[in-house]
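Order of listing sets the numbers, starting from 1, for every ligand and every atom in it. Please read these numbers as outputs of a predicted model, since none were measured by experiment.
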Amino acid sequence: MVIVVGGGISGVACAGELNARGIAVQLHDRGHKLGGRMASRVIRDSETKFDGHIVDIGASYFTASAESFSAVVADWQSRGLARGWTDSFHLATPQGVAGVRGGPMRFAAPGGLRSLVADLASKLPSTQITSNHSVEAVSFAGDHLTVDEVPAIAVALCMPDPQARAILDSKSPQLEAAIEATCGVVWEPTFAVTAVFQNTCWAPFDGVFVNDDAVLTWIANDGSRRGDHAPVLVAHVDPVLAAGHLADPAAVIPIVLAALQRILALTEQPIWVDIQRWTYARPLIAWADECYLDDDVNIGLASDAWAGGPRVETAWLSGTALGQRIAERLAAST
Ligand SMILES: Cc1cc2nc3c(=O)[nH]c(=O)nc-3n(C[C@H](O)[C@H](O)[C@H](O)COP(=O)(O)OP(=O)(O)OC[C@H]3O[C@@H](n4cnc5c(N)ncnc54)[C@H](O)[C@@H]3O)c2cc1C
């Protein structure tokens, strides 16, 4: 059996590709739900009428340029799971909003981005998915590959490289050297702060790229993204500020609220606020190769640090490519 570790979009794409090629696969994710950084949550106990609103607290949106991923997105659109959100965002300086910039179509999901990973996973038999399973050790010794002592013919580690390195208990110096080289990418953190208001108290916008600010890099209008126009904002924190508060994210909430007020000229205070920490939000560089599969040992890496990432689309491309390469490797060895 091939074991895929990681139930974000790269892992689910990898497992899906293997399954489609008739290869027995088991996917483990440590989370309660699949999705990884395509994370969505439901607002509860906000004491507003917006309880039940789904908010994206990880990736904000996704783009599609490769033909293969565009076909997946078209299928999601045809079933109402994804929709074109916008092709233009506002720009801001620390002093406030200052212009609009066009770009590619950004897609959103009415049910939250996590619902798209769940849709891909629904094509796998449910017995092949284990949630709430934090893998402790992927080992290779004496020609035996195991995941938490369960034998595997191949292992796909589909997650940020520091998380992959943490569970790789390799006894092969060559593999260790290769992984060390490919995992040498620095990942930056962020926090996503969700703020629910009683009313919309800002000028219309979809999203704002904030430049040269010490507190915020991005603000999403989640009501516009969702399409229900709920007065919900999600602000992403500057990686340097986040790095200094990884042990105590809540400490930055007042700083973030002050920055939102300053940049958007808000006329109300939020009623409900929450913060999500992302220790490994995105890699600072990404490899052009789509994935890594070791020459000697059937251990591979896929994530948004590959295929030119760091984006949802490249994570899907990376996981799909690793699934294909593992399948080809196994076919060649039989
Ligand atoms: C705040 C934020 C904003 C972003 N904005 C955008 C955006 O607007 N557009 C865009 O395209 N991309 C964006 N991204 C990037 C996008 O989210 C990622 O590129 C993509 O989701 C990566 O998917 P993945 O499957 O490679 O990794 P992940 O989604 O991180 O999945 C890895 C999975 O591995 C699991 N895992 C880790 N260790 C273990 C273990 N030991 N055992 C079991 N399971 C384990 C985790 O639980 C997780 O589910 C953003 C990311 C963040 C954090």
Side chain to side chain contact (heavy atoms under 4.5 Å, CB included) assessment of T320 paired with E290: CA-CA 9 Å; T320 302; E290 289 190 309; over 6 Å; no

Between F89 and W218, ring centroids under 6.0 Å: yes

Options L113, T130, V135, ranked by nearest heavy atom to atom 42 (N) of ligand 1, top entry: V135

Option of least heavy-atom distance to atom 37 (C) of ligand 1 (set: R114, Q163, M38): Q163

Options S10, A59, A286, ranked by nearest heavy atom to atom 14 (N) of ligand 1, top entry: A59

Shortest heavy-atom approach to atom 46 (C) of ligand 1 - which of D29, V138, T279: D29

Option of least heavy-atom distance to atom 3 (C) of ligand 1 (set: G58, G309, A13): G58

Atom 51 (C) of ligand 1 [closest protein heavy-atom partner, distance rounded to 0.1 Å]: A281 O, 3.7 Å

Ligand 1 N/O within reach of E313 N/O, cut-off under 3.5 Å: no

Atom indices of ligand 1, in the order listed, that fall short of 4.0 Å to a heavy atom of R282: 3 (C), 4 (C), 5 (N)

Nearest-contact summary for atom 31 (O) of ligand 1 - protein heavy atom, Å: G8 CA, 3.4 Å

Residue and atom name of the nearest protein heavy atom (relative to atom 44 (N) of ligand 1), distance in Å to one decimal: R30 N, 3.1 Å

Flag side-chain contact, heavy atom, 4.5 Å: V72 against D75: no

Side chain to side chain donor-acceptor pair (under 3.5 Å) between T217 and H236, worked out: CA-CA 6 Å; T217 56; H236 291 177; 5.2 Å; no

Location of contacts on W278 toward ligand 1, heavy atoms closer than 4.0 Å: side chain

Atoms of ligand 1, numbered as shown, that sit under 4.0 Å from any heavy atom of S303: 26 (O)

Parallel, tilted or perpendicular: rings of F107 and F62 (30°, 60°): parallel

Side-chain heavy-atom pair I3, V138 within 4.5 angstrom cut-off: no

Derivation of the side chain to side chain contact (heavy atoms under 4.5 Å, CB included) call for V100 and L91: CA-CA 6 Å; V100 177; L91 303 175; over 6 Å; no

Polar proximity ligand 1 side, I9 side, N/O cut 3.5 Å exclusive: yes

Contact atoms of ligand 1, heavy-atom distance to T190 under 4.0 Å: 1 (C)

Atom 7 (C) of ligand 1 [closest protein heavy-atom partner, distance rounded to 0.1 Å]: Y61 O, 3.2 Å

Closest candidate by heavy atom, reference atom 23 (O) of ligand 1, pool P162, P189, A315: A315

Within-4.5 Å side-chain heavy-atom neighbours: V5 and M159: yes

pair I43-W272: side-chain heavy atoms closer than 4.5 Å: yes

Derivation and outcome, side chain to side chain contact (heavy atoms under 4.5 Å, CB included), residues N211 and T93: CA-CA 5 Å; N211 297 318; T93 67; 5.8 Å; no

Student check: side-chain heavy atoms of V25 and M1 closer than 4.5 Å: no

H133 touching ligand 1 at heavy-atom level, < 4.0 angstrom: yes

Shared hydrophobic cluster, V210 / L241 (ILVMFWY, side-chain heavy atoms < 4.5 Å): yes

Selection from R311, E136, H32, R37 by shortest heavy-atom distance to atom 29 (O) of ligand 1: R37

Which residue and heavy atom of the protein sit nearest atom 15 (C) of ligand 1, plus the separation: D304 OD2, 4.0 Å

Under 4.0 Å to a heavy atom of S60 - the qualifying atoms of ligand 1, by number: 5 (N), 6 (C), 7 (C), 8 (O)

S60-R225 side chain donor-acceptor pair, cut-off 3.5 Å: yes

Nearest neighbour of atom 16 (C) of ligand 1 from the list V12, V312, V5, V117, on a heavy-atom basis: V312

Note, R277 side chain near P189 side chain (heavy atom, < 4.5 Å): no

Any S134 heavy atom less than 4.0 Å from ligand 1: yes

T63-ligand 1 polar pair, N/O distance under 3.5 Å: no

Full working for side chain to side chain donor-acceptor pair (under 3.5 Å) between T314 and D304: CA-CA 6 Å; T314 54; D304 54 338; over 6 Å; no

For G6, the ligand 1 atoms whose distance to one of its heavy atoms is below 4.0 Å: 33 (C), 34 (O), 35 (C)

I167 and ligand 1 - part of the residue with a heavy-atom distance under 4.0 Å: side chain

Under-4.0 Å heavy-atom contact with ligand 1, by part of H236 that carries it: side chain

Within-4.5 Å side-chain heavy-atom neighbours: L322 and L301: no

Per-residue contact class, C158 against ligand 1 - non-hydrogen pairs under 4.0 Å: backbone

